[in-house]
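Shown next, in structure tokens, is the structure this report addresses.
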Amino acid sequence: MANQLLSLVSAYVYSLLTNRVMLIATDSHIEKYLCNPFPFSSWLIPPSFPEPQLRTGAMRVAEYVEEVAAKKLNNSYDSSNITIKHLQVYIICCDKRHDHPFFCPAAQRHIADINWIFYQSHEYTVPGFYLIPEFRRKLHKWFPTHDAFTHVARYLLHPQDHIWDQITKFYGLHMDGVAQLLGIQVRAWKGNYEPSISKQIERCIIEQMLIVKPLEVATYEKLDDATEGSMQVSSRKEQGRETSNSTEGPTAAPQKEKIDITVFVASLLSEYRDNLTSLYMKNDSTNNILRVHVVSASTEKKQRTGNARHDIAAITDIWMLSFMHDLVVTPYSTFGSVASGLAGIMPLLLDNYGQDKVEEAACTRNNVAGPCFLVYPRKQTCKLDPPGFDIQDPATIVPEVKFCKNDGGGLGVTSPFYIP
């Protein structure tokens, strides 16, 4: 679901940059989850329109660039006689960057003459648009603080009413009026619970001082060896019973006791939430200085993309995370990047994910604004551009585009707007 949202935002930005109309294929089923943001119109292709046939029969962008380059080489190219009406661009991780000539400036000038572009992706490609001078000028004008994802996503992406109802009810029960909201997004890449990740999350919370008494001076005490360095905190004794059934929907928190901090954990696996819950409950005492509430909206156990209930749970988690004051997310996870982009926050990334290298920092701030373009163009020859112009190292072409943290894990856009 997060990949689909990234692709939708990117396609919309591209349609604005190229003065095109954006239409969404009906097989996306996006209408189940998002409201149509355009009054008196529709962003869905009519079901009777033969989009699948036109798309599958369309030439790929890379093939078109090769064809134009060959014709120019033998002086047979005629820009006034363009017969191709449909092109397909396919930008996903498993395609080995086949269509990355799409991000070459001259290629875009030639594509401008094509009526239909079938855009298929699961990536946030906006950082790549900055490599095209005409696009870069428009992006600077529209988003002077380089915060395109936050603005576009907040305008374009609106959960359907029944999903929004779930989101607002959960927020009202667990977060409304709480001074500090901390979101933790844990991606279980291997599909099973890893205690080392729980330990790394605990260290991240301590090292970054994410749980502190608001507007007061807090005193910290070291706990036993199993949780050394953790802050002395309190939690409701009812907390374990309240959160253990979170997959069945939100449960009301007691109203008599004031909560200092709510920690929202988004993960397929409940163990990551339960570990934090038990940690805070175990350290309950009469000398507590904080009251911490740990909650989850769902724990789906396995990823089931395409399952309506599962996708609704994913959207709910993404929007709940976007309401947090600070975020700790899994590196390379599009789920966390969509949430932090909606929030307008540069999140903390769990470094050396799952390894819990105690001699190194458990987490550090991301260095770019919004999501990262993970399958970015590199060592890309631009055959239609002047000699010598290629996309070898995309992070050196324009100053606002840099590699994201974690060993060059994608291409991002720097911004002073995002909250560090």
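In this structure a side-chain-to-backbone donor-acceptor pair under 3.5 Å is present from Q160 to L34. A donor-acceptor pair is defined here as one N or O able to donate and one able to accept, closer than 3.5 Å; no such pair exists between the side chain of S15 and the backbone of M22. Within the 3.5 Å criterion, the main-chain N or O of N275 finds no donor-acceptor partner in the side chain of S198. A donor-acceptor contact shorter than 3.5 Å is absent between the side chain of S322 and the backbone of A343. In this structure a side-chain-to-backbone donor-acceptor pair under 3.5 Å is present from E123 to V375. Counting only distance, with no hydrogens or angles, the side chain of E400 and the backbone of H146 share no donor-acceptor pair below 3.5 Å. The backbone N or O of R291 lies less than 3.5 Å from a partner atom in the side chain of D260, making a donor-acceptor pair. Between the Q380 side chain and the I391 main chain, no donor and acceptor come within less than 3.5 Å of each other. Formation of a donor-acceptor pair under 3.5 Å by the R20 side chain with backbone atoms of N115 is found in this model. The closest donor-acceptor contact from the side chain of H158 to the backbone of C35 lies at 3.5 Å or more, if one exists at all.
Separating the CD1 atom in I318 from the CG atom in L5 is a distance of 5.5 Å, to the nearest 0.5 Å. Separating the NE2 atom in H293 from the OG1 atom in T277 is a distance of 9.0 Å, to the nearest 0.5 Å. To the nearest 0.5 Å, the span separating CD1 on I132 from CD on Q108 amounts to 4.5 Å. In this structure, NZ in K402 is found 7.5 Å from OG1 in T414, a value given to the nearest 0.5 Å. With rounding to the nearest 0.5 angstrom, the CG atom of D317 is 12.5 Å from the CD1 atom of I312. Annotation: the span from I205 atom CD1 to E202 atom CD amounts to 7.5 Å, rounded to 0.5 Å.
R55 has a carboxylate O that lies under 4.0 Å from a charged side-chain N of D27, or vice versa, which qualifies the two as a salt bridge.
Counting heavy atoms from C-beta on, the side chains of F129 and V13 come closer than 4.5 Å. Side-chain contact between M320 and H174: absent, with no pair of heavy atoms (C-beta onward) separated by less than 4.5 Å. Considering only heavy atoms from C-beta on, H100 stays 4.5 Å or farther from R378 through its side chain. At a threshold of 4.5 Å between non-hydrogen side-chain atoms, the residues T262 and L182 do not count as touching. Using a 4.5 Å cut-off on side-chain heavy atoms (C-beta onward), C372 and F403 make no contact. Looking only at side-chain heavy atoms (C-beta outward), P377 and L131 come within less than 4.5 Å of each other. At least one side-chain heavy atom of W319 sits less than 4.5 Å from a side-chain heavy atom of W164. Counting heavy atoms from C-beta on, the side chains of F264 and M175 come closer than 4.5 Å.
Between Y155 and H151, the gap from one ring centroid to the other reaches at least 6.0 Å. In this structure, W116 has its ring center under 6.0 Å from that of F49.
The number of heavy atoms from other shown groups lying within 6.0 Å of CG (D393) is above 12.
Every residue was checked against the salt bridge (Lys or Arg N to Asp or Glu O under 4.0 Å) condition with E360, not counting sequence neighbours, and none meets it. Residues that satisfy the side chain to side chain donor-acceptor pair (under 3.5 Å) test with Q185, not counting sequence neighbours, are S333. Listed by chain and residue number, nothing satisfies the side chain to side chain contact (heavy atoms under 4.5 Å, CB included) test with A70 (two or more places apart in sequence, or in another chain). For Y171, the side chain to side chain donor-acceptor pair (under 3.5 Å) criterion is met by no residue, not counting sequence neighbours. Here E66 pairs with K383 under the side chain to side chain contact (heavy atoms under 4.5 Å, CB included) rule; sequence neighbours left out.
Among D351, N366, N367, the single residue meeting the side chain to side chain donor-acceptor pair (under 3.5 Å) criterion with K405 is D351. If you run ring pair (Phe, Tyr, Trp, His ring centres under 6.0 Å) between F103 and each of Y14, F135, Y130, F373, only F373 comes through.
Below 30°, between 30° and 60°, or above 60°: for Y124 and F149 the angle between ring planes is above 60°, a perpendicular geometry.
With no hydrogens or angles considered, no side-chain donor-acceptor pair links D326 and Q180 at under 3.5 Å. Donor-acceptor pairing under 3.5 Å is recorded for the side chains of T334 and N3. Under 3.5 Å, the side chains of T125 and Y376 contain no donor-acceptor pair of N or O atoms.
Residues Y119 and S10 share a closest heavy-atom pair of OH-CB, 3.5 Å. The two residues Y193 and L269 make their nearest non-hydrogen contact at N-CD1, 3.4 Å. When all heavy atoms are compared, the tightest approach of T381 to D390 is CA-OD1, 3.4 Å. The two residues A58 and Q88 come nearest to each other via the heavy atoms O-NE2, 3.8 Å. Of all heavy-atom pairs between G412 and P127, the closest is CA-CG, 4.1 Å. Taking each heavy atom of V61 and V89 in turn, the nearest pair found is CG2-CB, 3.8 Å.
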Side chain to side chain contact (heavy atoms under 4.5 Å, CB included) evaluation trace for S267 with R273: CA-CA 8 Å; S267 177; R273 175 204 61 198; over 6 Å; no
T150 vs L342, side chain to side chain contact (heavy atoms under 4.5 Å, CB included): CA-CA, chis, key distance, verdict: CA-CA 5 Å; T150 298; L342 278 167; over 6 Å; no
Audit row: E67, K71, salt bridge (charged side-chain N to carboxylate O under 4.0 Å, His left out) steps and yes/no: CA-CA 6 Å; E67 181 181 280; K71 288 182 178 180; 3.8 Å; yes
E271 vs N192, side chain to side chain contact (heavy atoms under 4.5 Å, CB included): CA-CA, chis, key distance, verdict: CA-CA 10 Å; E271 288 90 341; N192 57 289; over 6 Å; no
Worked check of side chain to side chain contact (heavy atoms under 4.5 Å, CB included) between Q4 and S28: CA-CA 9 Å; Q4 193 171 1; S28 70; 3.4 Å; yes
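Pairs passing the salt bridge (charged side-chain N to carboxylate O under 4.0 Å, His left out) check and including a residue from residues 335-344, sequence neighbours excluded, do not occur.
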